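Keep in mind it's a predicted model, so treat the numbers as computed, not measured. Values reported hereafter were calculated over all heavy atoms of this structure, with side chains retained and with hydrogens, waters and symmetry mates removed.
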2 protein chains.
Amino acid sequence: MRATSIKDVASHAGVAVGTVSNVLNYPDRVAAKTRGRVLNSIAELGFVRNDVARQLRAGQSRSIGLIVLDIGNPFFSSLARAAEDAAAEGGNAVVLGNSGHDPQRELHYIDLFEEQRVQGVLISPTGDIGKRLAALAGRGTKVVLVDSPAGTGEFSSVSVDDTSGGYLATKHLLDLGRRHIAFVAGPQHFHQVRDRLAGAAQAVAEVAGATLEVLQAGDLTVLAGRSVGDELVSRDRAALPDGLFCANDLLALGVMQSVTMLHTLRIPKDMALVGYDDIDFAASAVVALTSIRQPTALIGRTAVELLAEQLEDPEAKPRSVVFRPELVVRASTAG
Amino acid sequence: MRATSIKDVASHAGVAVGTVSNVLNYPDRVAAKTRGRVLNSIAELGFVRNDVARQLRAGQSRSIGLIVLDIGNPFFSSLARAAEDAAAEGGNAVVLGNSGHDPQRELHYIDLFEEQRVQGVLISPTGDIGKRLAALAGRGTKVVLVDSPAGTGEFSSVSVDDTSGGYLATKHLLDLGRRHIAFVAGPQHFHQVRDRLAGAAQAVAEVAGATLEVLQAGDLTVLAGRSVGDELVSRDRAALPDGLFCANDLLALGVMQSVTMLHTLRIPKDMALVGYDDIDFAASAVVALTSIRQPTALIGRTAVELLAEQLEDPEAKPRSVVFRPELVVRASTAG
DNA sequence: CCGTATCAATGAATCGATTCAAAGGAATTG
DNA sequence: CAATTCCTTTGAATCGATTCATTGATACGG
């Protein structure tokens, strides 16, 4: 049982294959009467165009490869959704690859996508794959780096300025009149954590009399945040920071939990609190959490657009777009 | 600048195209010496097999279409990841479609996937697309329904038994000796809400003296849960349920927030609390939340397996797999 | 009525990999 | 040495849609 092809349609309608093709691609090249007959046959036979054959002829597929570190992470699922939306607008589909931080799988997907002749690859790299990507690009497949520094400028890229985010959060605390700032850090091998701290330090340096303390959390989780919170609660009132900036929302929520549970410190009166990422739960926490929002959707959309740019003009120089994160003020700093 | 093809490799290595193809697909049909020469040429020219051409010849692609309601929802992103893992094991890729509950977009993706001749479509349907799916299947593309009742048994399907989940949650509360159970419902047009309530009712009916009250929340969100919590806190102690089962974790967390904030009711002593979905935040709530876990990863994997089953034996009868959700006991019911 | 311009329709060639019948060559056997 | 078997390699045919030079038909102007 072979699927019906353009040939079947042609013979059923009593025309040549080229005519059927024209009906599908350039309807007004075909006389109305003929077009009607062909469309009838298509409906009658339940013909569905074989895009594989079309792609072979065209030498171009209608899909874009997207390789993310972890699709279970809201950052990437939101990004994927946006990319997928933007691609759909251009009539393209997104093929998803989840590397799960595994360089092996990452390479596997690059291979797969190259064989499938995707138009381009949007990738949030995990391994050291500069060479592989260069080879890929050398053979004509466009590459856009996502949530990753631009590197050598060889490829277009989209990223978010974490230093600026750290600055923004800390400046906000300082603007509220807080002077004893503490940064709750996660593991320092995450470049995000380092950059956010750098931004915080910069903001503090600009204000005379402001101090910055670094509290090291073991992890970027709610639990780790809770133990930082416990430590804070047990301190002398005088030794307390009056402004707390956490490396991500999970830490901030953990701190908030331990603090509100014991009822010894009031947020934001005694201590103002800022998180990072603006996850869905930030808004619905016991005390709604001020946070730094990353424009995930915009990142995904921009990645697709940068790709489109490269496809339209293969000679175009790669572009790097760096987004500025955004401060979202809520109750945890509203006092 | 055309990409290098099998022909280029053949002439470079001084063999026929068929031989190159054999090296790629049946290496031991080719003499070691020849094979070596061909592999050399492949490496030298940087040849990458064009999967589009291969697919055309084979009449079969190496991809699976996945259409979900919302990839931003952790349920679906986890499902997608698992599907994608399972597909990768079989050497296949997953093409992602996000319908966003929009029947229009859903149809668009079905069309796209059929044109791309995907091996099969895994779909969590939103619109009334029985006919479209039947047509699709009639032309040879396999269909597996995901997180959706089996319907007429025309297609294979994977789903979770929400009634059983509701029963499980409520039975757990009853087993703890609680007798005044309340169910916090969301909008009743979600079949999940209805089924969970039905399960709860069933469990209550089995225990003499147990009562079931239904509290209607306007939404399945933390905020809606918080107003239900406020209402509970304002009640006479005597009128309080001692066991509360919420239609999902967000509601449960909302209730928990308002209750712990006011410190009038203790969880689980005064009121035991059970949620549904076991989202990541359930475990890290102020009082760790007992919940009903849905095996999202297993659902995704099983969907791919059911598809594989259909592909291997096109005559095989569609199968429906129904998973039983699982009770995860934590502090909110541990007393 | 002829020449020309316009519009439709045709169908062979093409994309690149796979398949498979056929041929070539080496080795084995009687 | 001829016959047979086994192992390699060959290359035309194929998948299905698109392209484009060519043909055929019609209309129009002079």
Q. For the helix from C:dC1-D:dG30 to C:dG30-D:dC1, how many degrees between its two end axes (five pairs per end), to the nearest 10°?
A. 60°
Q. Can you name the side chain to side chain donor-acceptor pair (under 3.5 Å) partners of B:Arg54, sequence neighbours left out?
A. B:Asp51
Q) Is any side-chain nitrogen or oxygen of B:Tyr26 closer than 4.0 Å to OP1 or OP2 of C:dT18? A) no
Q.
Enumerate the salt bridge (charged side-chain N to carboxylate O under 4.0 Å, His left out) contacts for residues 30-48 of chain B, please, sequence neighbours excluded, ordered by first and then second residue.
A. none
Distances under 3.5 Å between protein N/O atoms and the N/O atoms of nucleotides 8-11 of chain C, please, pair by pair.
| unit_1 | atom_1 | unit_2 | atom_2 | d |
| --- | --- | --- | --- | --- |
| C:dA9 | OP1 | A:Thr34 | OG1 | 2.1 |
| C:dA9 | OP2 | A:Ala31 | N | 3.0 |
| C:dT10 | OP2 | A:Ala16 | N | 2.8 |
| C:dT10 | OP2 | A:Thr19 | OG1 | 2.6 |

Please produce a list of atom pairs where a protein N or O lies less than 3.5 Å from an N or O of nucleotides 21-24 of chain C.
none

Q. Residues two or more places apart in sequence or in another chain: which of them pass ring-ring contact (aromatic ring centres under 6.0 Å, His included) with A:Phe76?
A. none
Q.
Suppose we screen for side chain to side chain contact (heavy atoms under 4.5 Å, CB included). Which residues come up paired with B:Asp280, at least two apart in sequence or across chains?
A. none
**Q.** Other residues, nucleotides, ligands: >12 heavy atoms within 6.0 Å of A:Asp128 CG
**A.** no
Q. Who pairs with B:Asp70 by side chain to side chain donor-acceptor pair (under 3.5 Å), at least two apart in sequence or on another chain?
A. A:Arg81
Q: Tell me, please, which residues at least two apart from A:Glu309 pass side chain to side chain contact (heavy atoms under 4.5 Å, CB included).
A: A:Leu306, A:Arg319
Q. Can you name the side chain to side chain contact (heavy atoms under 4.5 Å, CB included) partners of A:Ser99, sequence neighbours left out?
A. A:Ile67, A:Leu69, A:Glu106, A:Thr126
(Q) Is it true that A:Ser77 and B:Ser77 share a donor-acceptor pair across their side chains at a distance under 3.5 Å? (A) no
**Q.** Positive for side chain to side chain contact (heavy atoms under 4.5 Å, CB included) with A:Phe113, one of A:Thr141, A:Leu66, A:Ile123, A:Val95
**A.** A:Val95
Q. Does A:Glu115 use its side chain to pair, donor to acceptor, with the backbone of B:Val48 at less than 3.5 Å?
A. no
Q: Not counting sequence neighbours, which residues clear side chain to side chain contact (heavy atoms under 4.5 Å, CB included) with B:Asp102? List them please.
A: B:Gln104, B:Arg105
So which protein nitrogen or oxygen atoms get under 3.5 Å of nucleotides 14-17 of chain C's nitrogens or oxygens?
| unit_1 | atom_1 | unit_2 | atom_2 | d |
| --- | --- | --- | --- | --- |
| C:dT14 | O2 | A:Arg57 | NH1 | 3.0 |
| C:dG16 | OP1 | B:Arg2 | NE | 3.4 |
| C:dG16 | OP2 | B:Arg2 | NE | 3.3 |
| C:dG16 | N2 | B:Ala53 | O | 3.4 |
| C:dA17 | OP1 | B:Asn50 | N | 3.3 |
| C:dA17 | OP2 | B:Ile6 | N | 2.4 |

